[in-house]
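As structure tokens, the structure follows; a few thoughts come after it.
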Protein chains: 2
Amino acid sequence: MTLDFYKKNKKILLAVDCIIFGFNKEELEILLIQRDFEPEKGKWSLMGGFVEENESPGDAAQRVLKSLTGLDHIYMEQFAVFGNPNREPQERVVSLCYFALINTEILSTDYKAKWFKLEKCPPLIFDHNEMVVEAHNKLKKKAALYPILFELLSDKFTIPQITLLYEAIYQNQLDKRNFTRKLLASKLLIKLNEKDKENSKKGAYYYKVDKSIYKEKIISFLNFLPGWYGE
Amino acid sequence: MTLDFYKKNKKILLAVDCIIFGFNKEELEILLIQRDFEPEKGKWSLMGGFVEENESPGDAAQRVLKSLTGLDHIYMEQFAVFGNPNREPQERVVSLCYFALINTEILSTDYKAKWFKLEKCPPLIFDHNEMVVEAHNKLKKKAALYPILFELLSDKFTIPQITLLYEAIYQNQLDKRNFTRKLLASKLLIKLNEKDKENSKKGAYYYKVDKSIYKEKIISFLNFLPGWYGE
DNA sequence: AATAATTAGTGTCAAATTAACACTTATTTT
DNA sequence: AAAATAAGTGTTAATTTGACACTAATTATT
């Protein structure tokens, strides 16, 4: 039994960092917390923590996010590894990065995590600002290809809301006629008999996702954004 | 100085595994090696190794690949983390997965790594078969969006060769007229005054990539594959 | 009661892109 | 000279795209 093989190798602290984007009705935001321990105490940071013995990195990300924000069962995707030997000054830490996009409203106020407008993201500890930039790039690509964005808009949403969301992510104006046409052409949306009257006098119809179709026939959403090309 | 914070946490063995796809003229292949140490000695495996103290995971992947295959400066992309606590029986190991696509010909015969047809991939150690499936899925998506595939076809290549490559990756037939038209419409290809006469009597013109355009204007290649949708 | 203000919702058309389709060309072998 | 092989190319109808601006529904104001 040659366990020696494993013994020779150095173990490493393995962390997860969660980049949580939020949207409500206007702008893309990002969730941050203030470190309450050294090093870098008091500075703003992503939600992070270490992978423990009996959990997978994905589970660790879920646990860390929940413990710091109360957010549970958020689908996150691993999108990068930051593992430069000197990225943290005190000790070597390799970080696995996960991102998600949620509705800002679902964050409970019992926690200290705070939303920042993405455009006004403060300086963060270590290399966290780079992580945010990379996550935003991934989000753009992902959103172009997959209708994931509908999921975050809770159960029901209006077409103007989706439009605003895409505009926030791509920081671009969209032609609402063309965009609506494409949305509806996907046949993923079911019109409800109910209107959102909070945001306009006329009121906008709510829609929901047709999950039966959605699961199988995942559709290419590229070119939702005219003239926009990946990366 | 609260270094204790770090001390409390368990360190983990961190590995990299390299999924190297190869193509020459017909089929998509995958590079494997036979383990020459326990556990699982003698079984087929991906090229893997541990991340060492003074290297980033990306550097580790490069080092491991080079030491086992001689392949150097291969662009690999991190695409998954396999970190289930029990994925290796002897000891907990979290593995970062990287993939690349190269021309099978560039592999030197001095090494023990061996090409297998992807369709005849043998049973591999641990969860390596799952890694291969995930990598293949990523490759499909990636290839649809980016012209990366030209890069692997060394300096020059013919249009029939590219067509075969895409057909191998998507395991699908392509209409050669339509596909050629799209390739040329990208304006990424420069026709050379030289023919490949090895593969046909008539001979096919070589092309090379116009790197000056390639770098900036990365073009969406989605819908290179008619009716094909992501994932 | 009429008017103004606000945002939702919709249609057309010209241009570009797509997918389906089969024959000719160049060269080598026999 | 004929046969074999793989390269290379063009047309057309259908679909999709992007540019464009008005009408509809409701509420607030006067």
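Side chains included, hydrogens not; waters and symmetry mates left out as well; all remaining heavy atoms used. Chain A is the first sequence line, chain B the second, and so forth, proteins listed ahead of strands; every chain is numbered from 1.
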So which of residues 196-203 of chain A are in contact with DNA chain C, with a heavy-atom cut-off of under 4.0 Å?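 Within this stretch, A:Asn199, A:Ser200, A:Lys201, A:Lys202, A:Gly203 sit under 4.0 Å of the strand.
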(request) Take the C1' atoms of the five end pairs on each side of the helix from C:dA1-D:dT30 to C:dT30-D:dA1, derive the two axes, and give their angle rounded to 10 degrees. (result)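 The angle separating the two end axes equals 0°.
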| field | Under the side chain to side chain contact (heavy atoms under 4.5 Å, CB included) test, residues paired with B:Gln34 that sit two or more places apart | value |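 Expected list: B:Trp44.
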In this structure, how many angstroms lie between the [atom2] atom of [N] and the [atom1] atom of [X], rounded?
{"X": "B:Leu183", "N": "C:dA19", "atom1": "CG", "atom2": "P", "value": "14 Å"}
{"X": "A:Arg181", "N": "D:dC20", "atom1": "CZ", "atom2": "P", "value": "14 Å"}
{"X": "A:Gln173", "N": "D:dA19", "atom1": "CD", "atom2": "P", "value": "13 Å"}
{"X": "B:Lys191", "N": "D:dA7", "atom1": "NZ", "atom2": "P", "value": "13 Å"}
{"X": "B:Leu184", "N": "D:dG10", "atom1": "CG", "atom2": "P", "value": "11 Å"}
{"X": "B:Tyr206", "N": "D:dA7", "atom1": "OH", "atom2": "C1'", "value": "14 Å"}
{"X": "B:Arg177", "N": "C:dT24", "atom1": "CZ", "atom2": "C1'", "value": "12 Å"}
{"X": "A:Lys182", "N": "C:dT10", "atom1": "NZ", "atom2": "P", "value": "18 Å"}

Worksheet item: Listed by chain and number, what are the salt bridge (Lys or Arg N to Asp or Glu O under 4.0 Å) partners of A:Asp72, not counting sequence neighbours?
Response: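 Partners of A:Asp72 by the salt bridge (Lys or Arg N to Asp or Glu O under 4.0 Å) criterion, ordered by chain and then number, come out as A:Lys66.
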Margin query: Please enumerate all residues that pass salt bridge (Lys or Arg N to Asp or Glu O under 4.0 Å) together with B:Lys195, with sequence neighbours excluded.
Written below: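 With sequence neighbours excluded, B:Lys195 shows a salt bridge (Lys or Arg N to Asp or Glu O under 4.0 Å) to no residue whatsoever.
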**Prompt:** Is it true that B:Glu77 and B:Lys138 have a side-chain N and a carboxylate O under 4.0 angstrom from each other?
**Reply:**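 Looking at B:Lys138 together with B:Glu77, the answer is no, because their closest N to O distance does not fall below 4.0 Å.
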Requested in this report: Specify whether A:His128 and A:Phe126 have parallel, tilted or perpendicular ring planes, treating 30° as the upper limit for parallel and 60° as the lower limit for perpendicular.
Outcome: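 Geometry flag for A:Phe126 against A:His128: perpendicular rings.
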- Query: Closest to the A:Pro160 side chain: C:dA8, D:dG8, D:dC20?
  - Reply: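 Per side-chain heavy atoms of A:Pro160, the pick is C:dA8.
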Measure from the side chain of B:Asn178, starting at C-beta and using heavy atoms only, and say which of D:dA19, D:dG10, C:dG9 lies closest.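 For B:Asn178, the side-chain atoms sit closest to D:dG10.
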CD1 on B:Ile20 to CD1 on B:Ile33, rounded to 0.5 Å:
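Rounded to the nearest 0.5 Å, the CD1-CD1 separation comes out at 11.0 Å.
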For A:Gly58, does its backbone N or O pair with a side-chain atom of A:Gln78 as donor and acceptor, under 3.5 Å?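 The answer is no, because no donor-acceptor pair under 3.5 Å joins these two groups.
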Excluding sequence neighbours, so at least two apart, what forms ring pair (Phe, Tyr, Trp, His ring centres under 6.0 Å) with A:Phe79?
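Ring pair (Phe, Tyr, Trp, His ring centres under 6.0 Å) list for A:Phe79, sorted by chain: A:Phe99.
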- [ ] Count the heavy atoms belonging to other residues, nucleotides or ligands that lie under 6.0 Å from CZ of B:Phe116, then report whether that count exceeds 12.
- [x]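 Atom CZ in B:Phe116 is packed in, count exceeds 12.
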